[in-house]
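The chains referred to below are lettered A, B, ... by the order of the sequence lines, with proteins before strands, and numbering in each begins at 1.
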Number of protein chains: 2
Amino acid sequence: MDSDFDSCFGYDAYRRTCPSHTVLEMLASKWVYLVVCALRKGRLRNGELARKLEGITPKMLTQTLRVLERDGLVRREVFPVIPPRVEYELTELGQNLAGLLSQIRSWAEQHAPDIKDARARAIADSEGDWAA
Amino acid sequence: MDSDFDSCFGYDAYRRTCPSHTVLEMLASKWVYLVVCALRKGRLRNGELARKLEGITPKMLTQTLRVLERDGLVRREVFPVIPPRVEYELTELGQNLAGLLSQIRSWAEQHAPDIKDARARAIADSEGDWAA
DNA sequence: GAAATCACTATCCATGGGGTACCTATATAT
DNA sequence: ATATATAGGTACCCCATGGATAGTGATTTC
């Protein structure tokens, strides 16, 4: 197993029309990564998420949470109080995914220096072209 | 370990200015996922990739490969023949990442039915609102 | 009574993702 | 000799989306 094959379960993410392709499209978002990772350790309120995810705008936060809720990865609970209180938590499916996304985030943090170096080298190389 | 902590290695992907944040941003692309996964089993030519990734346009393929090359995940080899021959393969860093991305793709294929159902339910629920 | 909290919603703007057409040079087909 | 195909791109345009800013309603705080 371990995804040695390109496609399992009868679905093929390489195919435009395959449902798994649209799932991959949904996951391919910086904010989806970060929101799911942030919720991994427990339920959080909108404001708590906003403070944790530096630079996210209210619009993007709500938009991302709505998509995750629609796709069954996040559960939204509203408390009918004033001022309003809304909490978000991962569903079982969401927790399942969060493990993988956390590994990606961890990989990004671990290899950020390598990639920074690669980018610097790419720029240096391209600047050597000026006298071609 | 195993990313039980939110940030390791002194990098924090939640911070806008952290290099790991820009790495996550780069990875948050449908075509990056698919190109890296496609190269996992060996080097491929531009045309082979184009045929494998249904629906990718030449521009997006080239753009994606250039980004991956810039970031040190893909190596590009040009053979000076006519007609031109160019091959792409993962670097060691790229192969390292490909394992994780393949797991995500595999997860997407495995859970596509669940998410399809969740979306159908979301639509059904919202359509029940018309008489609210 | 002015400001802040809280969870949004609405509106605007700009970036860039994505599509189409085109390019170079050769081999093959007609 | 002309047309087509291959191969790996580049140049140009469009619009959808990401992202910034401002507003909403009710309540507690200073």
Please work out if A:F79 contacts a base, only the sugar-phosphate, or nothing of the nucleic acid, heavy-atom cut-off 4.0 Å.
-> nothing
Which listed nucleotide (D:dG18, D:dG9, C:dA7) is nearest to the side chain of A:Q63?
-> D:dG18
Rounded interatomic separation in angstrom, taking CG from A:L53 and P from D:dG19 = 12 Å
Would you indicate which nucleotide in D:dG18, C:dG17, D:dA7 comes nearest to any side-chain atom of B:P84?
-> D:dA7
Would one find more than 12 heavy atoms of other residues, nucleotides or ligands at under 6.0 Å from atom CZ of B:R15?
-> no
Can you tell me if the side-chain N/O atoms of B:N46 get under 4.0 Å from OP1 or OP2 in D:dA7?
-> no
Mind calculating the distance between CD1 (A:I82) and C1' (D:dT27) to the nearest angstrom?
-> 8 Å
Between B:W31 and C:dG17, does any side-chain N or O lie under 4.0 Å from OP1 or OP2?
-> no
Distance test, side-chain N/O of B:R45 to OP1/OP2 of D:dG8, below 4.0 Å = yes
Nearest-Å distance, CZ (B:R76) to C1' (D:dA7)?
-> 12 Å
Does OP1 or OP2 of C:dC8 have a side-chain N or O of A:R66 closer than 4.0 Å?
-> yes
Please give, in whole Å, the distance from C:dG16 P to B:M60 CE?
-> 12 Å
In whole angstroms, how far is the P atom of D:dT17 from the CD atom of A:E25?
-> 10 Å
May I ask you to say whether B:E25 pairs ionically with A:K30, meaning some side-chain N is under 4.0 Å from a carboxylate O?
-> yes
When the distance from CE of A:M26 to P of D:dG18 is rounded to whole Å, what number comes out?
-> 13 Å
What's the spacing between A:L101 CG and B:W107 CH2 if we round to 0.5 Å?
-> 8.0 Å
Toward the 5' end of DNA chain C, which comes first, B:T57 or A:P83, by nearest nucleotide?
-> A:P83
From NZ of A:K59 across to P of D:dA16 the rounded distance in Å is 14 Å
Using 4.0 Å as the upper bound for N to carboxylate O, is an ion pair formed by B:R45 and B:E87?
-> no
For the side chain of A:E54 and the backbone of B:Y14, is there at least one donor-acceptor N/O pair under 3.5 Å apart?
-> no
Take atom CG of B:L49 and atom C1' of D:dG8, then tell me their distance rounded to the nearest Å.
-> 12 Å
